[in-house]
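Report on the structure given below.
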Amino acid sequence: MSNKKKVFLVIGIIFTVEFIISLFGEYDMSQIAAPFAKIHTVFGVKIPFNGINISTVLNTWLIMAVVIAGSYFFTRRLTPIPGRLQAIAETYVSAFDTLCTEVLGKKRGRKFLPFVATLFIFVLLSNWVGVIPSFWHVVDGVFPHWLAIEEPTRDLNTTLGFGIMCFFVAHISGIYVRGFKGYVAEYFVTMPYDKGFNGGNIGKFIFNMFMGLLNIVGEIGKTISHSFRLFGNILGGAIIMVVICNLIRFIVLPVFLNGFFGLFVGAVQAFVFTMLALVYVSVMVNE
Amino acid sequence: MELTGAEIIKAAAMIGAGICMGFGAIGPGIGEGFAAGKACEGVAREPENANLITRTMLIGQAVSESTGIYSLVIALLMLFVIK
């Protein structure tokens with residue numbers, strides 16, 4: 001049996017299991033509103049900020065474990081003539097190396113390669129993990145609901161965290177490259193000042209301050225749209241899946257819905273998220 | 001049958017969510033279609049740059065999609081948060 005056939009067999013088995021499991025139960029429509037089980041106290045101690053989304057935390061840990069174990073096993077025995085696992089890892093890294101060096105240049109691209117590549121694999125696995133069937137998701141009362149495998153990126157906390165992380169990476173590297181003065185001037189000196197003190201400079205100062213405020217709002221908006229895009233796409237896909245699954249009583253179509261919204265949209269959105277992070281960094285870093 | 005205030009608010013939120021999503025989907029639909037069409041032209045003219053053009057198209061579409069995502073989030077707020 002060829003490798004291609006094996007891959008299709010695995011995907012087919014996953015989809016079949018998902019289909020069979022979905023026959024047994026029925027998604028509760030009201031669960032969409034509160035998909036994330038929360039805990040408010042640990043050993044009697046109250047958690048600040050309104051509790052923890054325990055299911056998001058557990059799924060994030062699951063993906064972290066998969067990524068760490070994968071990076072260990074894929075690079076365990078490095079040889080000049082790569083084996084299968086090493087070839088996969090090399091393809092992945094070299095693809096992102098090309099991407100980074102194209103956008104950021106040879107020297108800086110290498111510095112941002114680990115950040116970008118890790119971000120992509122993490123977001124990709126986060127988006128894809130929802131395809132894995134988890135029967136406790138459907139059958140009520142067998143397992144606690146917070147054990148369900150669902151996408152961590154369906155929670156705004158995760159994506160907003162990523163967005164804020166990208167914001168700080170971009171801006172700190174901007175300060176590092178341009179110096180603090182140049183970094184501030186980027187926002188607050190839209191029109192360069194003349195020499196000396198005159199009326200024209202005062203007008204320019206007022207204009208520059210106004211433009212600076214607009215620039216700051218624009219930066220905040222960038223981060224918000226960056227994180228809301230991923231969140232909205234994944235959550236919207238999940239809601240559409242639940243609604244259509246309920247309409248057609250789980251006959252055959254959920255497989256293709258999972259294929260489209262889970263695998264395709266997940267991959268595209270992970271790529272877009274990573275590329276936008278890279279573009280934001282390159283805007284701050286490149287002259 | 002008497003309508004209470006809470007029911008009227010819920011109904012208004014449902015209608016609002018529908019209107020929000022319907023109008024919010026117009027802009028991104030037009031924008032993404034335009035981007036895809038231009039990318040098709042670009043690929044037809046220079047097939048050797050197809051990878052770069054596709055990548056740029058995806059980024060541009062994702063950016064123009066954000067208004068649609070905003071309206072989706074607002075619609076979800078109206079559906080699930082307003083009691």
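Note on naming: letters A, B, ... go to the chains in the order of the sequence lines (proteins, then strands), and numbering restarts at 1 for each one.
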Is there a side-chain contact (heavy atoms from CB on, under 4.5 Å) between A/L99 and B/R55? Walk through the geometry before answering.
CA-CA 11 Å; A/L99 199 70; B/R55 214 162 63 207; 3.4 Å; yes
Take B/E65 and A/N233 through the test side-chain contact (heavy atoms from CB on, under 4.5 Å) and record every step on the way to the result.
CA-CA 10 Å; B/E65 191 191 38; A/N233 271 295; 3.4 Å; yes
Residues A/L235, B/L72; criterion side-chain contact (heavy atoms from CB on, under 4.5 Å); working and verdict:
CA-CA 10 Å; A/L235 181 66; B/L72 173 71; 6.0 Å; no
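When every heavy atom of A/G221 is checked against every heavy atom of B/Y70, the shortest pair comes out as O-OH, 4.2 Å.
Remark: B/F34 CZ is loosely packed, at most 12 non-hydrogen atoms of other residues, nucleotides or ligands lying under 6.0 Å away.
Atom CG in A/L276 sits 9.5 Å away from atom OG in B/S66 (nearest 0.5 Å). Summarising the geometry, atom CZ belonging to B/F80 is positioned 5.0 Å from atom CD1 belonging to A/I239; distances are rounded to the nearest 0.5 Å. In this structure, B/L58 CG and A/M275 CE are separated by 9.5 Å, a value rounded to the nearest 0.5 Å.
The main-chain N or O of B/I69 is never found under 3.5 Å from a side-chain atom of A/R229 such that the two would form a donor-acceptor pair.
Contact of A/F273 with chain B is not made at all, since no heavy-atom distance falls under 4.5 Å. For a residue to count as touching a neighbouring chain, one of its non-hydrogen atoms must lie under 4.5 Å from one of that chain's; by this rule B/L79 does not touch chain A.
Inter-residue side-chain proximity for B/V73 and A/F231 is flagged as met; some heavy-atom pair is nearer than 4.5 Å.
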